[in-house]
Colleague: 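Handing you this structure, nothing more for now.
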Number of protein chains: 2
Amino acid sequence: MADSSLRLLLMLQQIPREPRYVSSQQLHARLADAGYSVSLRTVQRDLVKLSSHFPLIQSEPSGQGNTGVSWAFSQHGQHMAFPGMDAVTALTVSMALEHLQSLLPPQVLQHLEPWQLEAEERLQKLNSSKYQSWMDKVRVSPQHVLQAPQVDAEAVGLIYEALLENRQFCATYKGKSERVIHPYGLVQQGRTLYLLCRFYDFEDVRITALHRFEKVELLDEPIRPFPAFNIDDYLNTGAMQWALPDPKLISLELRVNQWLKNHLEESPLSEQQLLVIDDEQQESYLVKAEMLDGRQLRRWLLSLGSDVEVIAPKGLRDWMASIVKAQADRYLE
Amino acid sequence: MADSSLRLLLMLQQIPREPRYVSSQQLHARLADAGYSVSLRTVQRDLVKLSSHFPLIQSEPSGQGNTGVSWAFSQHGQHMAFPGMDAVTALTVSMALEHLQSLLPPQVLQHLEPWQLEAEERLQKLNSSKYQSWMDKVRVSPQHVLQAPQVDAEAVGLIYEALLENRQFCATYKGKSERVIHPYGLVQQGRTLYLLCRFYDFEDVRITALHRFEKVELLDEPIRPFPAFNIDDYLNTGAMQWALPDPKLISLELRVNQWLKNHLEESPLSEQQLLVIDDEQQESYLVKAEMLDGRQLRRWLLSLGSDVEVIAPKGLRDWMASIVKAQADRYLE
DNA sequence: AATAGCAGCGACAATCTGTGTCGTATAGGA
DNA sequence: TCCTATACGACACAGATTGTCGCTGCTATT
């Protein structure tokens, strides 16, 4: 039994989803590799058996030369996993995906749909008898003001594949003519995905937004090797405003109000954050923390409006002052 | 074969992870429900067989009265799923989880670890032969300045369970004495999880941060029913600053610079956003869009600093002006 | 156009594995 | 101490699994 059941399991794992297919002979070879030396006939029989219990489909003999029948999981058949999700995991998955819905393009997220289905099924099963389901109990606060850029699902899939397999691809960018592109890295900022790549034989690395690609076609050519390229080094040069040109640890000192102080007590700026009373009458407090200066920090400081006042370092205070001054002048008119 | 292999699969799905156990007799009953009428002996034999191929562990007979042997998946044994992840899905899962790492408390995320492992394994398998793995190719920009609040993993798990099963629980809040709590809803804002609940017999709904709970203990008592409670209604009253007290659609009009204009072209404020040139010389543009006013929008406007100027509606412009004025006064000293 | 080669599929027999039943040992509770 | 419940070993039989072989239909090559 051990042999046959385990073999079936391994086969199920090896069968991909619909756009891809696997032939009975490929499976036979893989099983042989894994130590299951069975005859090809058995594999064929197993596939037929499995297909009566799982949503397997077999490809039409539309291939070129390859007359072998190929198999795949039906596109939207639910997936199975074990150990099954427990209630807590299901809730976590469900919340996480709700979160991601506002963070990643839906065309990317569709790949996670099976898990969402599994989680929701599990939650429904748990709560079907209860009068109130989890959907009426859980909410995730939206984090973003802007709409997500529209991405072409197929394009994203192909570009991911090119990146993973170190292959060139061919696409139009911003609706312009076709280009040959060598992908080197992928960076996600907010809801936007950026591809770091080179065009044709050019030497310079370009930052391209994934949603601007269209008509992507994978090429069989491998990318030009680029051993000097290191994504961290590249980002740290200040490209993409990833960090300030000179990212440095600063000793931040802020004056904050009561509300922000409470907030910081629970979500500190750093592990060694210091919080002291500044002026009890006015309910103002001082916060000190060592942290990395950067774009994120500055946006955060700005977003707090008058809840916060930067005291040190001087450079940051001056920067805040200049921004605020410019704004004030504008709104005075 | 069909019978036995499918039965084994169903068994694997029914076996939970380590903190929970299932006895051979429970399994026997569940299988009988599912239409597999086999003897208990067979179930026991199957479990032994499975345990030689999967990381199953059996509980010590430490239970009370229940001498039956119970089984569970070992805590950190990888999980299996089929159809297996394809490359694109694996990359998506991996990026999504990296994202979530900065969004959800690690203690909550640990439930998703199996998927992360599966995805990374898959990616490694794909790229082991290549000179550069995906880890060196993909980066996710951090979104948060603050550290996540520290959450007790066990507490979160138990509270989730209580919420899902409509049960009371008992816990200390903010280190104070023990309370009996009736959970009604869960809200996630940023990286903080809030529980909407009532204490003891009190009638008022309280907003409690999950990370402030300690020593949680599930009770068998069901929560007091609360048919009048509706999470959306509650949030829309303005509680938790979820929305402004009077959330209304406004006709937003902004003056933006070149950089922000480019950004908005790709990530618009709304579907029907209007973008026109304001002053070609100074590279300033006007944006108009109908959208919901709220906390998110205002924080976003503030975070942009002098890249943006609010023109309409008047109320919002005045609000911006007052904040900016207050800040400017402060920094003048 | 004909044929060689390949892949799939049906049939069959030998084997072996899965399953129910029964009996015994062990542990905990009354 | 006895009793009940559970686990577990043994055994026999039915049924499933698997390799082999041969036939059929298709493709590609000569």
Colleague: To the nearest Å, how far apart are B:Leu47 CG and D:dT6 P?
Modeller: 15 Å
Colleague: To the nearest Å, give me how far apart CG (B:Leu27) and C1' (D:dT6) are.
Modeller: 15 Å
Colleague: Donor-acceptor pair, A:Ser24 side chain versus A:Gln44 backbone, under 3.5 Å?
Modeller: no
Colleague: Would you kindly give the CG-to-C1' distance between B:Leu31 and C:dT19, to the nearest whole Å?
Modeller: 14 Å
Colleague: I'd like to check the salt bridge (charged side-chain N to carboxylate O under 4.0 Å, His left out) partners of A:Arg167; sequence neighbours left out, ordered by chain and number.
Modeller: A:Glu165, A:Asp220
Colleague: Roughly, in whole Å, what's the span from CE in B:Met11 to C1' in C:dT19?
Modeller: 14 Å
Colleague: B:Glu118: which residues meet the salt bridge (charged side-chain N to carboxylate O under 4.0 Å, His left out) condition with it, sequence neighbours left out?
Modeller: none
Colleague: Using the side-chain heavy atoms of B:Asp46, tell me which of these nucleotides is nearest: C:dT19, D:dA7, C:dA7.
Modeller: C:dT19
Colleague: Look for any protein N or O under 3.5 Å of an N or O in nucleotides 20-22 of chain C and output each such pair with its distance, or none.
Modeller:
{"unit_1": "C:dG20", "atom_1": "OP1", "unit_2": "B:Ser39", "atom_2": "N", "d": "3.4"}
{"unit_1": "C:dG20", "atom_1": "OP2", "unit_2": "B:Ser39", "atom_2": "N", "d": "3.0"}
{"unit_1": "C:dG20", "atom_1": "OP2", "unit_2": "B:Ser39", "atom_2": "OG", "d": "2.7"}
{"unit_1": "C:dG20", "atom_1": "OP2", "unit_2": "B:Thr42", "atom_2": "OG1", "d": "2.4"}
{"unit_1": "C:dG20", "atom_1": "N7", "unit_2": "B:Arg45", "atom_2": "NH2", "d": "2.9"}
{"unit_1": "C:dG20", "atom_1": "O6", "unit_2": "B:Arg45", "atom_2": "NH1", "d": "3.0"}

Colleague: Whole Å only: how far is the CD atom of A:Gln25 from the P atom of C:dG5?
Modeller: 17 Å
Colleague: Does the side chain of A:Arg7 pick up a donor-acceptor pair with the side chain of A:Tyr36 at under 3.5 Å?
Modeller: no
Colleague: Counting only side-chain nitrogens and oxygens, does B:Ser24 get under 4.0 Å of the OP1 or OP2 atom of D:dA7?
Modeller: yes
Colleague: Can A:Ser39 and A:Thr42 be counted as having a side-chain donor-acceptor contact under 3.5 angstrom?
Modeller: yes
Colleague: Checking side-chain polar atoms at under 3.5 Å, does B:Ser70 have a donor or acceptor matched by the opposite partner on B:Ser23?
Modeller: no
Colleague: A:His28 NE2 to C:dC6 C1': how many Å, rounded?
Modeller: 15 Å
Colleague: Just how far, in rounded Å, is C1' of D:dG19 from OH of A:Tyr36?
Modeller: 19 Å
Colleague: Please report, rounded to the nearest Å, how far the P atom of D:dA16 is from the CZ atom of A:Arg7.
Modeller: 16 Å
Colleague: Just to confirm, is there a sub-4.0 Å distance from OP1 or OP2 of C:dG8 to any side-chain nitrogen or oxygen of A:Gln44?
Modeller: yes
Colleague: Do we see a donor-acceptor contact under 3.5 Å between the side chains of A:Arg179 and A:Tyr200?
Modeller: no
